[in-house]
Amino acid sequence: MDPILEQIKPGAPLPPVFYRMTALEAAPLLLGQTLVRRTEEGDIRCRIVETESYGGVEDKGSHAHGGRRTARTEIMFGSGGTAYIYLIYGMYNCLNVVTGTEGDPQAVLIRAVEPLSPADEAGMRRNRGTAARKPVDLSGGPGKLCRALDITKTLNGLPLDQPGGPLWLEGGPVPGESGAEEVIVQAPRIGIAYAEEYAAKPWRFYFRGNPYVSVIDKQAEVWQLQETEATTDRSL
DNA sequence: TGTCCGATTACCT
DNA sequence: GGTAATCGGACAT
């Protein structure tokens with residue numbers, strides 16, 4: 001097991017070392033962890049099921065590529081453990097978990113979450129402006145999950161390692177007795193066709209078969225399955 | 001000060 | 001499947 005995963009305890013804050021990793025290391029490990037939103041209406045807890053890594057000045061898909069250090073991207077250059085929230089298309093917010101060390105812009109975009117309980121789901125439905133008929137409509141997509149959790153730019157720069165604040169991260173629940181370990185799919189990121197050679201990097205991660213995932217990449221799943229079979233064959 | 005456009009979504013045909 | 005909605009950030013003028 002990943003040595004950092006071993007340090008993550010259900011319901012406890014993520015260990016400081018978690019936030020010092022690169023975005024590419026942290027993105028798959030964030031899957032299954034819990035995001036907590038606290039408002040006057042109460043707490044909403046949800047499980048992260050899809051992420052994307054945006055790491056380093058060389059990543060042409062990142063807002064910080066080429067070392068672009070502006071008022072907006074400044075938080076990405078700080079040390080890890082904070083929230084980077086920005087407005088997209090004039091109407092949707094996107095939530096990122098900043099990781100890495102001072103001066104190195106690393107961030108993981110949270111693309112989909114699932115409510116942990118019926119009460120959490122009810123809270124998320126209340127926050128959404130539209131009737132979510134399917135799980136993916138409720139919080140499958142970066143803009144949708146921010147709406148569902150009432151996350152706006154007012155929370156930009158907020159520390160995510162401090163339980164009891166407006167927004168924080170904690171270790172996710174352990175899979176149930178019957179729950180087989182979930183398979184992580186690795187696929188190219190969404191909506192960054194302009195990123196040239198970085199557009200095809202498989203830096204999106206999600207739980208295979210989870211109904212809250214925003215975009216299913218059938219090609220990546222088939223390819224990954226073949227790889228697994230080939231590996232199994234060789235080991236026979 | 002002006003222009004372009006996005007790490008998207010909802011709703012339409 | 002197509003596309004309108006809507007505005008702040010980045011950069012040119």
Side-chain angles (χ1 to χ4, degrees), chain A residues 22-28 30-31 35 46 48-78 80 82-100 104-114 124-157 160 167 185-206 211-218 220:
Chain A
T22 64
L24 193 52
E25 291 167 331
L30 269 172
L31 295 180
L35 181 65
C46 54
I48 297 170
V49 299
E50 181 184 352
T51 61
E52 277 179 4
S53 163
Y54 289 86
V57 297
E58 66 280 359
D59 182 358
K60 291 179 180 168
S62 170
H63 293 161
H65 80 88
R68 233 153 98 207
R69 195 163 180 159
T70 65
R72 180 174 69 149
T73 65
E74 184 61 28
I75 192 68
M76 284 183 78
F77 286 84
T82 60
Y84 168 45
I85 299 163
Y86 63 89
L87 188 68
I88 186 79
Y89 295 105
M91 48 188 126
Y92 300 107
N93 291 105
C94 291
L95 168 68
N96 294 250
V97 177
V98 176
T99 68
D104 182 18
Q106 303 275 335
V108 179
L109 173 68
I110 308 301
R111 285 194 56 93
V113 299
E114 65 176 342
M124 289 164 68
R125 283 185 179 278
R126 269 197 303 278
N127 287 330
R128 297 282 281 126
T130 184
R133 317 185 56 137
K134 299 174 306 211
V136 69
D137 296 334
L138 181 66
S139 54
K144 289 182 238 182
L145 77 88
C146 283
R147 279 250 172 109
L149 297 174
D150 189 28
I151 292 170
T152 65
K153 275 186 68 181
T154 59
L155 302 178
N156 190 34
L160 294 172
L167 188 67
V185 177
Q186 223 184 315
R189 297 172 290 180
I190 301 296
I192 54 156
Y194 55 81
E196 301 174 15
E197 75 270 28
Y198 283 85
K201 302 274 186 194
W203 289 348
R204 183 164 72 103
F205 303 85
Y206 66 86
Y212 288 86
V213 168
S214 67
V215 180
I216 310 287
D217 192 323
K218 209 64 206 170

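The chains referred to below are lettered A, B, ... by the order of the sequence lines, with proteins before strands, and numbering in each begins at 1.
Ring-plane geometry between A:Y86 and A:H63 is classed as perpendicular, the angle between the planes exceeding 60 degrees on a 0 to 90 degree scale with a lower cut at 30.
Taking 4.0 angstrom as the limit, A:T130 places none of its side-chain polar atoms (N or O) nearer than this to OP1 or OP2 of B:dA10. An OP1 or OP2 oxygen of B:dA7 is reached within less than 4.0 angstrom by a side-chain nitrogen or oxygen of A:H63. The shortest distance between the side-chain N/O atoms of A:K134 and the OP1/OP2 oxygens of B:dA10 is not below 4.0 Å. Side-chain N/O atoms of A:R147 include none lying less than 4.0 angstrom from OP1 or OP2 on B:dT8. An OP1 or OP2 oxygen of C:dC11 is reached within less than 4.0 angstrom by a side-chain nitrogen or oxygen of A:R68.
Within the nucleic acid shown, A:R189 has no heavy atom closer than 4.0 Å to any nucleic acid atom. Residue contacts for A:D137: at a heavy-atom cut-off of 4.0 Å it reaches no nucleic acid atom on any strand shown. Nucleic acid contact class of A:G191 (heavy atoms, under 4.0 Å, all strands): sugar-phosphate only. When heavy atoms are screened at a 4.0 angstrom cut-off, A:K153 is found touching the sugar-phosphate backbone but no base atom.
Closest to the side chain of A:R128, from the set B:dA10, B:dG6, C:dA10, is B:dA10. Closest to the A:C94 side chain, of the nucleotides C:dA10, B:dT8, C:dG9, is B:dT8. Checking C:dG9, B:dT8, C:dC11 against every side-chain atom of A:I88, the shortest atom distance belongs to B:dT8.
Under a cutoff of 6.0 Å and an axis angle of 45°, A:R189 and A:Y54 form a cation-pi pair.
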With 3.5 Å as the limit, what N/O pairs link the protein to nucleotides 4-7 of chain C?
{"unit_1": "C:dT6", "atom_1": "O2", "unit_2": "A:Y89", "atom_2": "O", "d": "2.5"}

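In this structure, A:Y54 counts as stacked on the base of B:dA7 under the 5.5 Å centre distance and 30° plane angle limits.
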key: Stepwise side chain to side chain contact (heavy atoms under 4.5 Å, CB included) check, A:L160 with A:L167   = CA-CA 6 Å; A:L160 294 172; A:L167 188 67; 3.9 Å; yes
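One can place CZ of A:R69 at 15 Å from P of C:dC11, the figure rounded to the nearest angstrom. For the pair A:L145 CG and B:dA7 P, the computed distance is 16 Å after rounding to whole Å. Rounding to whole angstrom units, CD1 of residue A:I192 and P of B:dC5 are separated by 18 Å. Distance, A:L138 CG to B:dA10 C1': 15 Å, rounded to whole Å. The interatomic distance linking A:I190 (CD1) with B:dT9 (C1') rounds to 14 Å, in whole Å. The nearest whole Å value for the distance from the NZ atom in A:K144 to the P atom in B:dA7 is 17 Å. The OH-P distance, from A:Y86 to C:dA10, rounds to 12 Å in whole Å. Distance A:L95 CG to B:dT9 P: 13 Å, rounded to the nearest Å.
Rounded to the nearest 0.5 Å, atoms CG (A:L149) and CG (A:L95) are 8.5 Å apart.
Counting only heavy atoms from C-beta outward, the side chains of A:Y92 and A:R147 approach each other to under 4.5 Å. By the 4.5 Å heavy-atom criterion applied to side chains, A:S214 and A:R204 are counted as neighbours. Side-chain atoms of A:H65 and A:D59, non-hydrogen and from C-beta on, never get closer than 4.5 Å to each other.
Comparing the same atom, C1', in B:dA7 and in C:dG1 gives a spacing of 23 Å after rounding to whole Å.
With a cut-off of 3.5 Å on both Watson-Crick or G-U wobble distances, the partner of B:dA10 is given as C:dT3.
With A:R128 contributing its side chain and A:D137 its backbone, the two residues share a donor-acceptor pair below 3.5 Å.
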